[in-house]
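Presented below is the structure to which this report refers.
The residues of the chain are indexed from 1 along the displayed sequence. Being a predicted model, the structure only gives us computed values, none of them experimental.
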Amino acid sequence: MPRIRTVKPEFWEDELLGVMPRDARLLFIATFNMADDEGLLRWTPAYIKAQAFMYDDDLTIGDVGKLMQRLTDAGIVFPFIGGVARQQMAVIVNFRKHQRINRPQKSKLVPPSLGNYKVREMYARRDGWTCQLCGGGIPELPVANDSHNLSIDHIRPVAAGGSDHPSNVRATHQACNKSRRDSPDGDEFIPPRSLVGLEASVSDALNRSRNRSVNDSLNESHAPSNFEADTDTHSEISSLNHSLMEGKGREGKGREGNYPPTPAPEPSSEPAVVQTGRALPDQMVDGFLDRFKAGNAYSRRQVHRTIAEALANETDPHELWAALVRLGESSKPVSAGTLQFAFSEIRRSAQPASNVIALSSGQPLPGPDTNLAGWAAVAASFDTEDTA
């Protein structure tokens, strides 16, 4: 049954969607209505044609299949085979991040199997390859230290009635997942000691991922169809995490109000943020700590969390780096509040020092807060020229 959904203004500015055909953008909006409260929906060309393009005789089922492939190619819809009936279904990857569900209803559709690594990888990309318990980076390829590898944690344990549906799962390290299960309920989570050497593991996975082909075949439980394609899971800045529309917090309740409007770029000799394929928050944390950790008591976890949240709110990476440099040079702590302070300073320095407007004749025109006599003098000069 179709549901009432929202479309954010950022949708129309999204560069990832902007390069798609208009019918593909319309189809993506239609998936909001067709999906249940977990972001799951049936995903066959005939069904999508009947639901989204029922009056469009110029579109064939094959045409609709090609539009569906554009969405899967972009990584914003993940197709899979689910259930005993082996139905072709899909999940809108970041559905709960940009749709606020007031009274969520339990899904009647089968979620993708967590036994499939492609599914676990999809959730890791959704979460930015960041452990949702400790905040550290997760290696994008398996490493020798299994404690550092990807694991999927159930927010509500299966033993307590939790399911495998998207809203109840999150990406974690295997060590963090085990530590949480072994800790008494209600205790504050403390990262386990087995995370020592995590940075080396992430770097090792990064080096190997550069040589990995982005055309790996899908596992058999990932929907094999003529309108599906592999998604590039190792792009320099994953469109899944940095698309304007996809990365926003929940409407009205998310983190959108935590940061000021992004200021204009400040001219600086600082090097641009280098995109190497590694998770962008990890790159920025490494660069910041390498430069400013000496003599300061910066917590890697706190810095990582602040940077990840800022990027999730679509703060421009270069402008975020300029704000971080300003904080580091003044030895201020890195938090949402201090970032606001840094952005405010950047905006203030970018504003013009005067409200004087130059006329084409070269005569300056005062702003509205100056003496009105100045305006009268300018008007009089125009009258003199007209009578002449």
Sidechain-backbone polar pair: Asp63 side chain, Thr60 backbone, donor-acceptor under 3.5 Å: yes
Under 3.5 Å side-chain donor-acceptor pair for Asn207 and Asp204: no
His304 side chain near Thr130 side chain, heavy-atom distance below 4.5 Å: yes
Leu280 side, atom CG; Leu311 side, atom CG - distance, nearest 0.5 Å: 5.0 Å
Derivation of the side chain to side chain contact (heavy atoms under 4.5 Å, CB included) call for Phe53 and Leu67: CA-CA 12 Å; Phe53 302 104; Leu67 298 176; 4.1 Å; yes
Side chain Thr338, main chain Pro333, donor-acceptor under 3.5 Å: yes
Side-chain donor/acceptor of Arg181 to backbone N/O of Asp153, under 3.5 Å: no
Closest non-hydrogen atom pair between Pro112 and Leu40, with its separation: CD-CD2, 4.1 Å
CD1 on Ile307 to CZ on Phe288, rounded to 0.5 Å: 7.5 Å
Pairwise distance NE2(His173) to OG(Ser147) - rounded to 0.5 angstrom: 10.0 Å
Verdict with supporting geometry, Lys8 and Glu13, salt bridge (Lys or Arg N to Asp or Glu O under 4.0 Å): CA-CA 10 Å; Lys8 294 192 174 184; Glu13 302 172 5; over 6 Å; no
Student check: side-chain heavy atoms of Pro192 and Lys178 closer than 4.5 Å: no
Whether Gln99 side chain and Thr6 backbone form a donor-acceptor pair below 3.5 Å: yes
Full working for side chain to side chain contact (heavy atoms under 4.5 Å, CB included) between Phe95 and Arg5: CA-CA 11 Å; Phe95 182 76; Arg5 303 299 189 198; 3.6 Å; yes
Mutual orientation of the aromatic rings belonging to Phe28 and Phe11 [parallel < 30°, tilted 30-60°, perpendicular > 60°]: parallel
Phe80 side chain near Ser113 side chain, heavy-atom distance below 4.5 Å: no
Neighbour count >12 (heavy atoms, 6.0 Å) for atom CG, Leu26: yes
Spacing of CD1 belonging to Ile138 relative to CZ belonging to Arg125, to within rounding of 0.5 Å: 13.0 Å
Leu27 reachable from Ile29 in the ILVMFWY side-chain graph, under 4.5 Å edges: yes
Heavy-atom closest contact (Leu16 atom, Ala74 atom, distance): CD1-CB, 4.0 Å
Side-chain donor/acceptor of Asn94 to backbone N/O of Lys97, under 3.5 Å: no
Sub-4.5 Å side-chain heavy-atom contact between Arg120 and Tyr117: yes
Over all atoms of both residues, closest heavy-atom pair of Ile61 and Ala46: CG2-N, 4.0 Å
Short side-chain to backbone donor-acceptor contact, His148 and Ser194, under 3.5 Å: yes
Heavy-atom closest pair, residues Ile92 and Ala35: CD1-CB, 3.8 Å
Pair Asp286 + Lys293, salt bridge at N-O below 4.0 Å: no
Minimum side-chain heavy-atom gap Arg301-Pro191 below 4.5 Å: yes
Would you tabulate the side-chain donor-acceptor contacts of residues 154-162 under 3.5 Å, counting partners in other chains and residues two or more places apart, or write 'none'?
from: His154; atom 1: NE2; to: Asp164; atom 2: OD1; distance (Å): 2.6
from: Arg156; atom 1: NE; to: Ala160; atom 2: O; distance (Å): 3.0
from: Arg156; atom 1: NH2; to: Ala160; atom 2: O; distance (Å): 2.9

Taking every non-hydrogen atom, the tightest pair across Ile152 and Asn177: O-ND2, 3.3 Å
Derivation of the side chain to side chain contact (heavy atoms under 4.5 Å, CB included) call for Leu324 and Thr306: CA-CA 10 Å; Leu324 290 170; Thr306 303; 5.9 Å; no
Val93 versus Arg126, closest heavy-atom pair with distance: O-CD, 3.4 Å
Rounded distance [0.5 Å steps], CG in Leu71 versus CG in Leu17: 8.0 Å
Main-chain N/O of Gly328 paired to Arg291 side chain as donor or acceptor, under 3.5 Å: no
Gln302 (side chain) donor-acceptor with Val334 (main chain) under 3.5 angstrom: yes
Spacing of CD belonging to Glu140 relative to CZ belonging to Arg208, to within rounding of 0.5 Å: 11.0 Å
Check: Lys49 side chain, Asp56 main-chain N or O, donor-acceptor pair, under 3.5 Å: yes
Residue pair Pro111 / Glu38, side-chain heavy-atom distance below 4.5 Å: no
Criterion side chain to side chain contact (heavy atoms under 4.5 Å, CB included) on Val77 and Met68, from CA distance to verdict: CA-CA 9 Å; Val77 174; Met68 295 165 69; over 6 Å; no
Thr172 side chain reached by Arg180 side chain, heavy atoms, under 4.5 Å: no
Sub-4.5 Å side-chain heavy-atom contact between Leu41 and Tyr47: no
Polar side-chain atom of Arg170 near backbone of Cys131 as donor-acceptor pair, under 3.5 Å: no
Asp36/Arg42 ion pair, N-O < 4.0 Å: no
